[in-house]
Amino acid sequence: MELGQNLTSGNVLLTCEKRSTRLSAVKIDHALCSNEANSSEHTSYSKNIASDFQCSSDSLNSGVSAIVCSSEGGICSDVLRQNMAKSSDEPAVKRKKVDNKMENQADLEKVAEIQKKWELPLWKFRRGRLCVTDITSQSWCEQQLLYTYTLPTIPVENKAMVKGSSLHLARELEVHDIVPVKVTSREDSWAIKLLNIMDAINGLSFDRLCIREMPIFGDPFEMGVFMVGIIDELKYNESGELQLLEFKSRSSSKTLPGKAQKLNHALQVMLYKQMFDELVSGKLSREMILGHVNLDEGKVLGSAVLDHMQKTGIHFDKFGELLDAALLQFQFSSLPHVDSLEIEYCFQGDCLSFATDKVQFDSDWLRKKLDHSFLFWRGVREAEGVDIEDAWKCQNCDFVDICEWRKKKQQECMEKNQISINKL
DNA sequence: ATTGCTGAATGG
Ligand code: SF4
């Protein structure tokens, strides 16, 4: 099949249009919406999105003398947030004066505890919610991840990543079109996420062989860290097994990546499988979700979201009601667990797949990786950079010139060499 | 939190 070919046959993906700039997405099955005449409209909209996507990627920045982060600029928002916090100091002080409860010793201790919690990387940088790709970035180089969250950087687009995103989008549009829904609250955004998952489960349970870009979330292994992610592709293979695929593109050559990348890709798909299996076996509780994400179950959803829900035959108006319906569906879905994991590699030059790599799920290995990862997020240990044998990663790192870890390792190396010279 | 606002992933 040619990449970009549209075989959507009526499946639609709604992107969730945020009040400001953000977009997120809901997938709906066209069969449920029934209006056949709309399909061409949806398709052309999707194409607009695809071309917008590529336009924005062309508006590249010129060279800058500050630290320039080609991968992401997540830090900027953190710095902004801290600056914004200063401006809201005054009302907080006023409130304290009125609030007598603050004088209570127990309350003071509680406040101190909460303040301490917000000092931890998990809360300070991620507000208690990790992405699957936070774990993989961390596994590449934890020090680099920390720098992206703590140093103010100027985001510059990385051509290989832009091309990768574009190929991903083309692939996504092969199986569904994209349609936007206006959202007005965090509960709206989560409603869209839930509707997407419900639709994916529904599709896999009945008529669809292939689902792409399925949102997923949970608390893998119930270790107490809330995580979100997006599964590239789920499909039934010839033997009827449920297969989870991750699509990766290679920029430089038609060769498989090195061990470090492969291991990271394996980590990514294993984490998706763990979260998917837990979700469809009904392990997610409403308390876990509401507690971790701090959502208001009584919140009435926005009109655009409600409109969409009504079209697909869901007649609730509060977030909590939708959540309960979703959890019931997860619990009683008869979907199998993911049977096999695969990475598909394509070359950015000709957009053709040239290899697939099978990944063997290893629950113990995954759990150990998370254990070690969470020690950092929970502030139990400091960030670690790469080992000497992985020093090649530094050549491709935006922070190579200022990295303290690298300096320390170089120093250690020199001292070692000095010792061996002295011994001679 | 005194403030709970983030499409996730994109490649190396
Ligand atoms: S220079 Fe090397 S050790 Fe330092 S952050 Fe970059 S990749 Fe990690």
Side-chain angles (χ1 to χ4, degrees), chain A residues 15-26 53 57 70-72 74 76-78 80-82 84-99 102 110-120 123-137 140-141 144 157-169 172 178 180 183 185-186 189-190 192-193 196 213-217 226-232 246-252 257-258 260-262 264-265 268 272 290-296 345 348 386 390 392-398:
Chain A
T15 64
C16 143
E17 201 178 323
K18 229 89 217 222
R19 40 228 170 198
S20 49
T21 51
R22 239 173 311 124
L23 286 173
S24 83
V26 128
F53 193 86
S57 65
S70 58
S71 23
E72 220 190 300
C76 297
S77 61
D78 193 55
L80 276 178
R81 187 175 61 77
Q82 281 167 10
M84 280 161 70
K86 277 177 201 146
S87 62
S88 64
D89 271 356
E90 210 195 332
V93 173
K94 273 185 197 156
R95 204 173 313 139
K96 257 185 203 171
K97 275 183 198 160
V98 218
D99 202 344
M102 282 296 169
K110 212 172 175 183
V111 167
E113 202 174 287
I114 287 165
Q115 275 175 345
K116 218 170 159 190
K117 181 180 91 173
W118 283 87
E119 290 294 308
L120 305 178
W123 291 91
K124 198 155 107 189
F125 306 134
R126 301 304 295 135
R127 285 170 200 146
R129 187 195 84 174
L130 293 184
C131 302
V132 168
T133 47
D134 282 322
I135 302 292
T136 55
S137 306
W140 182 261
C141 176
Q144 185 188 64
E157 289 176 55
N158 168 330
K159 282 204 167 166
M161 286 168 93
V162 170
K163 180 77 180 170
S165 299
S166 165
L167 286 173
H168 247 274
L169 183 61
E172 178 184 349
I178 295 172
V183 294
S185 63
R186 299 175 62 236
S189 305
W190 271 87
I192 299 291
K193 200 194 284 286
N196 271 331
E213 306 288 307
M214 174 188 167
I216 189 83
F217 63 93
F226 192 75
M227 296 194 29
V228 293
I230 292 189
I231 298 174
D232 243 13
E246 174 67 29
F247 179 68
K248 296 287 178 199
S249 68
R250 303 276 297 152
S251 73
S252 51
Q261 280 101 328
K262 278 195 184 182
N264 248 6
H265 298 160
Q268 192 178 356
Y272 288 144
L290 293 172
H292 275 293
V293 199
N294 195 33
L295 294 166
D296 175 8
Y345 292 100
Q348 293 191 351
V386 299
D390 280 336
W392 54 271
K393 288 179 181 173
C394 304
Q395 298 316 313
N396 213 345
C397 172
D398 297 314

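A, B, ... follow the sequence lines: proteins, then strands. Residue 1 opens every chain. Here the structure is a predicted model, which means the values were calculated and not measured.
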Starting from [atom2] on [N], measure out to [atom1] on [X] and report it in whole angstrom.
| X | N | atom1 | atom2 | answer |
| --- | --- | --- | --- | --- |
| A:Arg186 | B:dT3 | CZ | P | 15 Å |
| A:Gln348 | B:dG11 | CD | P | 7 Å |
| A:Trp118 | B:dA1 | CH2 | C1' | 6 Å |
| A:Asp232 | B:dT10 | CG | P | 6 Å |
| A:Ile114 | B:dG4 | CD1 | P | 12 Å |
| A:Lys159 | B:dT10 | NZ | C1' | 16 Å |
| A:His292 | B:dA1 | NE2 | C1' | 17 Å |
| A:Lys110 | B:dT2 | NZ | P | 11 Å |

Contact nearer the 5' end of DNA chain B, comparing A:Ser137 with A:Trp190: A:Trp190
Quick one: do A:Gln348 and A:Ser251 satisfy side-chain hydrogen bond (donor to acceptor under 3.5 Å, both in side chains)? Show the steps, please. CA-CA 5 Å; A:Gln348 293 191 351; A:Ser251 73; 4.7 Å; no
Look at the side-chain N and O atoms of [X] and state whether any lies under 4.0 Å from the OP1 or OP2 oxygen of [N].
| X | N | result |
| --- | --- | --- |
| A:Ser249 | B:dG11 | yes |
| A:His168 | B:dA9 | no |
| A:Ser251 | B:dG12 | yes |
| A:Ser165 | B:dT10 | no |
| A:Lys248 | B:dT10 | yes |

With heavy atoms under 4.0 Å as the rule, sort [X] into base, sugar-phosphate or nothing.
| X | result |
| --- | --- |
| A:Arg126 | base |
| A:Tyr272 | sugar-phosphate |
| A:Thr136 | nothing |
| A:Glu246 | sugar-phosphate |

Taking A:Phe247's backbone N and O only, do any of them form a donor-acceptor pair with A:His168's side chain (distance below 3.5 Å, no angle check)? yes
Using atom types as modelled and distance alone, determine if a side-chain donor or acceptor of A:Lys117 lies under 3.5 Å from a backbone N or O of A:Trp123. no
Given [options], which nucleotide is nearest the side-chain atoms of [X]?
| X | options | answer |
| --- | --- | --- |
| A:Val132 | B:dA9, B:dG12, B:dT10 | B:dA9 |
| A:Trp140 | B:dG12, B:dT2, B:dG11 | B:dG12 |
| A:Gln268 | B:dA8, B:dT10, B:dG4 | B:dT10 |
| A:Gln261 | B:dT10, B:dT2, B:dG12 | B:dG12 |
| A:Ser252 | B:dT2, B:dG12, B:dG11 | B:dG12 |
| A:Lys193 | B:dG12, B:dA8, B:dT10 | B:dA8 |

Spacing of the P atoms in B:dA1 and B:dT6 (rounded, Å): 16 Å
Heavy-atom closest contact (A:Ile216 atom, A:Ile230 atom, distance): CG2-N, 4.3 Å
Measure the shortest side-chain to side-chain distance between A:Met227 and A:Asp134 over non-hydrogen atoms and say whether it is less than 4.5 angstrom. no
Are the side chains of A:Glu213 and A:Ile231 in contact, using a 4.5 Å heavy-atom criterion? no
